[in-house]
Structures are given as C-alpha cells and as structure tokens.
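I have a structure here, written as structure tokens, and I will follow up with some questions on it.
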Amino acid sequence: MSHVADRTTVTRFAPSPSGNLHVGGARTALFCYAFAKGHDGRFVLRIEDTDQKRSSEAAGLGFLADLDWLGLHWDEGPVFTCQDGRSVGGGEHGPYFQSERLATYDAAIDRLIAEGKAYLAFDTPEELDAARQAARAEKRAFRYDGAAARALSDADRERLRAEGRPCVVRFASPQRDIVIRDEILGEATLPAGEVDDFVIRKADGFPTYHFAVVLDDAAMQVTHVLRAQEHFNNTAKHLLLQEALGLPHPTYAHLPIIFNPDGSKMSKRDKDKALREAAKTAGLEKSPDGPDGSPIVDEKAYARWLGDKTVQLPGEAATAMAAALGVALPEIDVEDFRRSGYLPEVLVNFLALNGWSPGDDLEKFDLAFLCQRFALDRVVKTPARFDRAKLLAFNLDAIQQMDEATFLARLLDHGRRYHPGFIARLGEERMAALAAASHARSKTLDEPYVGNAFLVADDESISWPPDKAIDKALRKGEPNGLANLAACVPALQAIDEHAWNVATLERVLETFVAERELGNIGKVAQPLRVAVSGGTVSPPIFDTLEMLGRTSCLRRIERCLAAFEHSNVATS
RNA sequence: GGCCCCUUCGUCUAGUCUGGUCCAGGACACCACCCUUUCAAGGUGGGUACACGGGUUCAAAUCCCGUAGGGGUCACCA
C-alpha cells in the first residue's frame, strides 16, 4: 500500500459530458482548482465519457465555457480557446477523454484477469434485475454473488464466448473490512461484504467509471481527489482496485452535496420536473408552439418526455417551453445564473461559501483569496441549501462596488450576449444613460434590460392593462393623475427637442407642481411614468423621460390620455 | 431495508479537535421605523438556533452513551 508523497499536488475535475455545468459541479471544480492553485499544483480536467449512450445523447462540452467564465482554467485537459483568446488544456498525460483511452484500460483488465483478480461473467441484465428485485423484496441490500461465475472453468468461458454470449468483466473483490480515510469526513470502516464483485468492463467493451477513474487518476498523477459526497462509498471500490493494480492511493476528500432551497437534492432534472408539472397541470396533450409558431417538440418526443421522468428536454426547448407555459425555470446551471445577470466572481464567492468558510466572519472574497486560504479542514460535513436570495444580495453589493465605467462595460457585455436587440435599438449614448440611472437599483446585469423593455418598445404598442397600481396613479386623488397629466402637456410641449434633458425637465415640472400647488412632484411623476412606460416601475422619472426622448414621451402621453378619455369623465 | 455519514437562528455558517472568555457571533432573509417621484437602494432598531434524553465535570454547543430526524449509497450511470 504505497502512498502519494513528495509530489506536486494534482487535483482533477472529471465530469461526464452532459451539456451544462450545474452549480454542484461548479463548486467541486472550484474547490479542486483552489486546492491545486493553493499548493502550487496542477488542476486537471478529464472527460468521463465511458457511457456511450449518455455521451452520444446529451453530449456537448458546454461546461468548458462555463468553467472559463468562472475563471477556472485547467492546466491539463481538453484544448480550449478561452473568451479572452488564450488557449488552455493539452498536457502530457492525455488523451483527456476516457473514450480515447480504451487500450490502456483493456491492458490493465487483461492483466487482472491473468492474475485471477478479475473474471468474465455472463449473467444477463434480466437475471441481475430479478436478483435485485428479490433482494429488495426481502429488504436486503443486493450484492452480486460471484460464486457461480468464478466457478466457471476456462473452457466454459471460451465456449460461452464462442457462442457470442455478451459478457462483462467483474473484479474479484477481496472480502474484508475496508477503511476509508477521508480528509473531511474522517475515517469510516465498511464491513466485509459491502463491496461485491462489481463490473469493471461493460459488455460494450467500455470500462465502468470505477475502473477508468482509478487508472486515470494514477496515470495523471492525481494526488488529491475532491469530489461530491455521493461518491464516498465508491471509494472502497477504488481503494481495492488500486491495491490490485499496484497503484498509489490518492488522498480523498468528499464534499458536502448542494441542495435546493426546499431540501431536495439539486438535480439537472429539476427544470424538466418543473416543466412537466406545469404541462400536466395545464392538461396539455401536445407540445405548445414555440416562438416560430411550430410545436417546440414533436408529438412523439413530447409524449416520451411527459411520461418519463428521466428524459430531459434540450436546453433551448426547455427555455421555449418555459416561456410558452409561463413558468420560471429553476436556476441550477452556471449558464442560468450567467443569463440571469450574476457576476462570475460573485458566483465563485458564493459557491465557495456553500461548504466552506474562511472563518473570522469573513464572507466576501475573490478567487485569489480562496486559492490562498482554501483548506480541507475547514470544509463542513453537512449538505448546504443553495440560497438564491443571499446570492442576489451579494450580486447587488458587487454591482454597487463598481465604478460607473465598469458597470456600463459589464452591462454592455451582458446585453451583447443576451439582449442584442435592446442595445441596437437604444444606442450607445442612451445605454450609458440607462446604466447611470439603473446602477444603484440593479441587483443583476439583466434587470436593466428586462425592467426597461418599454424604452425600446414601439410608441404605438404601449398599453395600460387593468391594474390596481396603474389605476391608483391615474384616477385617485383630486385632481387625479390623468388631469395632472393633461395639464402638464403644454409645459412639456414647450420644451425644445435639444433641451429635452433631466435638468430642463426637472425645472419645468417642478415649476408646474409649484404653480398648481400640487405639493408633491409625485402627483405628476407617477402619472407620467405610467403614461410613458405602461407600468408603475421605471428609473427616476426625469431620466426616464430623457432617455425616451421628446417625441416618444409626448406621443405616449397623448395615447394614454386618449385611452382613458371616457373612463376619466366621471372623476375629473 | 442493509451499510456509511451528518445534526448550531428560516438559510449559509463561526464556535466543537485544545470544555470556562458563548444566557452562542456574522451574513442573507424576516419584522418595525426613517428616507422617498415608482421600484429598488440606503439608514436605524428588533426577534429567532446549540435536535432530544441521559451521563462525565466545579463548569458542556464543545467529551461519552442512547433516541429521534436528515442525507448518501446499494447499476453493464458517473
């Protein structure tokens, strides 16, 4: 039992290719990265694509961009061009896709077979299923009984193979207590019998996770395995395999799992779950139409998705479906938070706080600090619920810390990616004005876009839906909002196009309020806001009016007054 | 159900190893008030936790035992 010592610290993040990186994975990657960097070590990224079905279906390496966005760049792994143009990845221990390392696994498996440490097994999936169900019925844990398969003679095996019977390779697990040493959880002993003769090579010739992970960690000189706690029990298998193969044991540390706010395990399937529930509640028989007018998914796919909890909708289809059903998708992927306007440095900070803390009541820190201070002995053992409200508060703080120019630049960056039409429509100059007017009140980079859609809407498309708050602004009081609105129009009309700015508007409207003895600028500000935006929320009124421009403001006020003309008779 | 692990405010956590400085600290959320042209933001103040039961000890959130609760895992997925 050799131990890894006096070597460069190497950690690895080893996800399966499943499209987007979710926050749990991101936190694991973050800790792996911080640990390696804090020890002047290397951070390796390896793609665990040994499940042919999954890899071909879900696929995608979208999470590489997510890691890049978070600033978690790998020293070794798939070659990738970052946003800033530089290239990361590569390395001398590749390839970094397990599907390209089959020869290595086969050689090792053959060796184990030759040494009598592994054997061919011909059980069919049906037989195994039956045995599993029987065990469950007896409330027993299922353990594969290798007696029969082990008893097979070489001649028997050759005959079965010649018949073309599919077979797997199973590891002949030594039956004894296994002690797992974990830097976070401490020491645990798994009693003999807990680890059965598990499969190391599947019928399709691919190795299982357990086998590939052990061989690759050794090949890539990984010294510290940081992974989610759900892998804890698997460690026993890995320890046994390492011994059989004569490989060193890396140090293990199992990270607490991240949960949803309601305490359920956070899963990539949560989005589909939310959508499926909404679809069922709405009683939808077939897929709703997407933005292009055709069904989002065809009838067959829809039925399959609705009936099978494990089927996931592709990202875009899920987004379209959410829009069609009017459901807010839970944010669980890094990309979701990016789209929602969270800052990567804030996500990094907050993610680190789920499961770790530097102590000293310190909560705000950056990636460099984390690298410097991160240590396994301060990782908590208990699962954490992901508190979006606190994340949002952190994001607001970070945004408020920015100077004006930085905020504008970041806002534009975000908009170019998610709201290109908005930027094109508003133009650079007014974008700057919008940034200034929204800075203090923006919790995310997305809010200014979403909350101010009226700025780029067509004047003729503004409407005033029945709404208590709108009604209050327009019709309550004496004189009411509509009356004040109508009364201030001449004053506004008197302002020149080129003088239509915050200073002038403020002076003119304050004069108006004083002359009419309305007492409070709100008496006219709120009706104006409603008239001009179709809602009761906007940036400060003078900024709003300036950004919109004289023509649009006057036209919208005119339309608003017209829209309420009749209903106004009674109260004016 | 078997096995393994965990248990401090609503949430994330500090404190636990090295019992006393903790009638338990911070943050977010919440409540109240202030400010206010909307929504926010901001300001001030406030309530809320050592799962339970036994020990050990002069002294326990901290050590021991038990109970309850929670989680993970039991795949030819990772």
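So that the names make sense, note that chain A is the first sequence line, chain B the second, and so on, each numbered from 1.
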Taking B:G1, B:A78, B:G42 as options, the one with an atom nearest any side-chain atom of A:Q400 is B:G42

### Query
Hey, does A:T382 reach any base, or is it just sugar-phosphate, or nothing, if we go heavy atoms under 4.0 Å?
sugar-phosphate

Whole-Å distance, A:Q526 CD to B:U37 P, equals 11 Å

Among the nucleotides B:A14, B:C76, B:C39, whichever has the atom closest to the side chain of A:R441 is B:C39

- Message: If you compare every side-chain N and O of A:K202 against the phosphate oxygens of B:C77 (OP1, OP2), does one of them come in below 4.0 Å?
- Response: yes

note: A:D182, atom CG; B:C6, atom P; distance rounded to Å ~ 10 Å

* What is the nucleic acid contact for A:V168, judged by heavy atoms within less than 4.0 Å: base, sugar-phosphate only, or nothing? -> base

- Query: Is A:N234 side chain donor-acceptor paired with the B:A78 base, going by distance under 3.5 Å alone?
  - Reply: yes

- Message: Taking only the P atom of each, what is the distance from B:A14 to B:C77 in whole angstrom?
- Response: 38 Å

Rounded to whole Å, the NZ-P distance (A:K390 to B:U13) equals 9 Å

Name the nucleic acid region contacted by A:H254, choosing base, sugar-phosphate or nothing; use a 4.0 angstrom heavy-atom cut-off, strictly under.
nothing

Please report the distance separating the P of B:U21 from the corresponding atom of B:C65, rounded so that it comes out in whole Å. 25 Å

To the nearest angstrom, the CG-P distance between A:L396 and B:A27 comes to 16 Å

Side-chain contact check for A:A203: nearest option of B:C76, B:A29, B:C77 is B:C76

Testing B:A41, B:C77, B:G26 for proximity to the side chain of A:E363, the answer is B:G26

Practice problem: Look at the side chain of A:R388 and the base of B:U11, then say whether one donor and one acceptor between them are separated by less than 3.5 Å. | Solution: no

Open item on the list: Looking at A:K271 and A:D333, is there a salt bridge between them, counting it only when a charged N and a carboxylate O are closer than 4.0 Å?
Closed with: yes

For B:C9, the nucleotide meeting Watson-Crick or G-U wobble distances (both under 3.5 Å) is none

Under 4.0 angstrom, heavy atoms only, what part of the nucleic acid is A:L353 near: base, sugar-phosphate, or nothing? sugar-phosphate

Comparing nearest nucleotides in RNA chain B, the 5'-proximal residue of the pair A:K381, A:R143 is A:K381

So, OP1 or OP2 of B:C28: does either fall under 4.0 Å of a side-chain N or O from A:R385? no

(message) Please classify the nucleic acid contact of A:I521 as base, sugar-phosphate, or nothing, using heavy-atom distances under 4.0 Å.
(response) base

Neighbour count >12 (heavy atoms, 6.0 Å) for atom CZ, A:R150
yes

- Task: Could you tell me whether A:R132 sits above the aromatic face of A:F142, with NZ or CZ closer than 6.0 angstrom to the six-membered ring centre and within 45 degrees of the axis?
- Result: yes

For atom P, what is the distance between B:G46 and B:C28, given to the nearest Å? 16 Å

Using a heavy-atom cut-off of 4.0 Å across all strands, would you classify A:G355 as base, sugar-phosphate, or nothing? sugar-phosphate

From the candidates B:G2, B:U38, B:G26, the one with an atom nearest any side-chain atom of A:D361 is B:G26

**Message:** Applying a 4.0 Å non-hydrogen cut-off, can you work out what A:D360 is touching in the nucleic acid: base, sugar-phosphate, or nothing?
**Reply:** nothing

note: A:K53, atom NZ; B:C76, atom C1'; distance rounded to Å ~ 10 Å

Pick base, sugar-phosphate or nothing for A:E447, based on heavy-atom distances below 4.0 Å to the nucleic acid. nothing

Checking all strands, does A:T544 fall into the base, sugar-phosphate, or nothing category for heavy-atom contacts under 4.0 angstrom? nothing

Once you apply a heavy-atom cut-off of 4.0 Å, does A:K523 come out as touching a base, just sugar-phosphate, or nothing?
nothing

In this structure, CG of A:D197 is separated from CG of A:D145 (nearest 0.5 Å) by 8.5 Å

Practice item. Check every strand shown and say whether A:I257 touches a base, only sugar-phosphate, or nothing at a heavy-atom separation below 4.0 Å. Key: sugar-phosphate

Does OP1 or OP2 of B:C76 have a side-chain N or O of A:R201 closer than 4.0 Å?
no

*Does any donor atom in the side chain of A:R227 or A:T235 lie under 3.5 Å from an acceptor atom in the other side chain?*
yes

**Prompt:** Between A:T50 and B:A78, is there a side-chain N or O to OP1/OP2 distance below 4.0 Å?
**Reply:** yes

>> Whether A:R132 contacts B:C74 is assessed here as follows: a side-chain N or O lying under 4.0 Å from the phosphate OP1 or OP2. Is that the case?
In response: no

Whole-Å distance, A:R378 CZ to B:G26 C1', equals 13 Å

Self-check item: Rounded P spacing from B:U67 to B:C3 in Å
Solution: 13 Å

How is A:R136 classified with respect to the nucleic acid when contacts are heavy atoms under 4.0 Å: base, sugar-phosphate, or nothing? nothing

- Expressed as a whole number of Å, how far does the C1' atom of B:U44 sit from that of B:U7? 36 Å

Which atom pairs, donor and acceptor, lie under 3.5 Å between side-chain atoms of residues 507-524 of chain A and protein residues at least two apart or in another chain?
{"unit_1": "A:T511", "atom_1": "OG1", "unit_2": "A:R507", "atom_2": "O", "d": "2.7"}
{"unit_1": "A:N520", "atom_1": "OD1", "unit_2": "A:G522", "atom_2": "N", "d": "2.6"}

Per-pair distances, 0.1 Å, donor-acceptor, side chain in residues 189-196 of chain A, under 3.5 Å, sequence neighbours excluded:
{"unit_1": "A:E194", "atom_1": "OE1", "unit_2": "A:R143", "atom_2": "NH2", "d": "2.7"}
{"unit_1": "A:E194", "atom_1": "OE2", "unit_2": "A:R143", "atom_2": "NH2", "d": "3.4"}
{"unit_1": "A:D196", "atom_1": "OD2", "unit_2": "A:Y144", "atom_2": "N", "d": "2.7"}

Give me the distance, rounded to whole Å, that separates B:G26 from B:C33 when you measure between the C1' atoms they each carry.
24 Å

Is NZ or CZ of A:K364 both nearer than 6.0 Å to the six-membered ring centre of A:F394 and within 45° of the ring axis? yes

Query raised in the report: Should A:S357 be listed as having a side-chain N or O under 4.0 Å from OP1 or OP2 of B:A14?
Result: yes

To the nearest angstrom, the CG-P distance between A:D387 and B:G26 comes to 18 Å

Quiz item: Reckon A:Q229 touches a base, only the sugar-phosphate, or nothing at all at heavy-atom distances under 4.0 Å?
Solution: sugar-phosphate

request  = For B:G71 and B:C76, measure between their C1' atoms and round to the nearest Å.
outcome  = 27 Å

In whole angstroms, the gap separating P of B:C3 from CZ of A:R140 amounts to 14 Å

#### Entry: Whole-angstrom distance between B:C23 and B:U38, as gauged at atom P
45 Å

Flag the pair A:E345 and A:R410 as a salt bridge only when some basic side-chain nitrogen lies within less than 4.0 angstrom of an acidic carboxylate oxygen.
yes

5'-most contact on RNA chain B (nearest-nucleotide basis), A:A440 vs A:E230, goes to A:A440

**Request:** Report which part of the nucleic acid A:E194 touches: base, sugar-phosphate, or nothing (heavy-atom distance under 4.0 Å, all strands).
**Result:** base

